[in-house]
*Asks:* 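My questions all concern the structure below.
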Amino acid sequence: MEFDVYLPCEPRWLCEPLLYFFGVLFLILIIWLIVYIVKESRRIKTHSYIVKRRLKRRIRPRVNNRKR
């Protein structure tokens with residue numbers, strides 16, 4: 001499948017490698033963005049879980065059985 005890309009460069013041996021280079025660079029960027037979004041969502045879920053645990057602890061504090 002051939003795509004029509006209108007590049008203002010004349011030597012075909014120069015334009016095609018540039019087109020492939022930018023295509024691969026774009027794919028790497030998309031993959032990196034997906035990985036970054038997944039990592040951030042995990043970090044947000046972990047943080048919200050920790051905050052919920054801290055709030056429960058404030059509502060029902062642990063009983064201290066030490067004698068003073």
Side-chain angles (χ1 to χ4, degrees):
M1 181 174 196
E2 188 163 330
F3 296 101
D4 291 332
V5 179
Y6 302 101
L7 295 175
C9 60
E10 182 57 37
R12 194 137 176 92
W13 60 269
L14 181 65
C15 294
E16 283 188 20
L18 280 175
L19 182 64
Y20 290 128
F21 171 73
F22 286 118
V24 169
L25 192 64
F26 181 72
L27 287 176
I28 290 172
L29 178 69
I30 294 297
I31 291 170
W32 177 81
L33 186 64
I34 291 170
V35 169
Y36 183 76
I37 289 172
V38 168
K39 282 183 178 181
E40 284 297 317
S41 68
R42 286 181 183 170
R43 188 177 296 163
I44 290 170
K45 286 179 184 178
T46 303
H47 180 73
S48 64
Y49 175 73
I50 290 172
V51 168
K52 283 180 184 179
R53 284 182 53 203
R54 286 181 184 165
L55 286 175
K56 283 183 180 180
R57 190 179 292 169
R58 286 183 186 166
I59 293 172
R60 293 179 292 149
R62 286 188 268 171
V63 177
N64 195 354
N65 291 331
R66 291 187 308 177
K67 292 183 180 179
R68 292 185 182 191

*Asks:* To the nearest 0.5 Å, what is the distance between CD1 on I28 and CG on L33?
*Replies:* 13.5 Å
*Asks:* Linking I/L/V/M/F/W/Y whenever any side-chain heavy atoms sit under 4.5 Å apart, do F26 and I34 land together?
*Replies:* yes
*Asks:* Check for me, please, whether I31 and V24 land in the same ILVMFWY cluster - side-chain distances under 4.5 Å, paths through other members count.
*Replies:* no
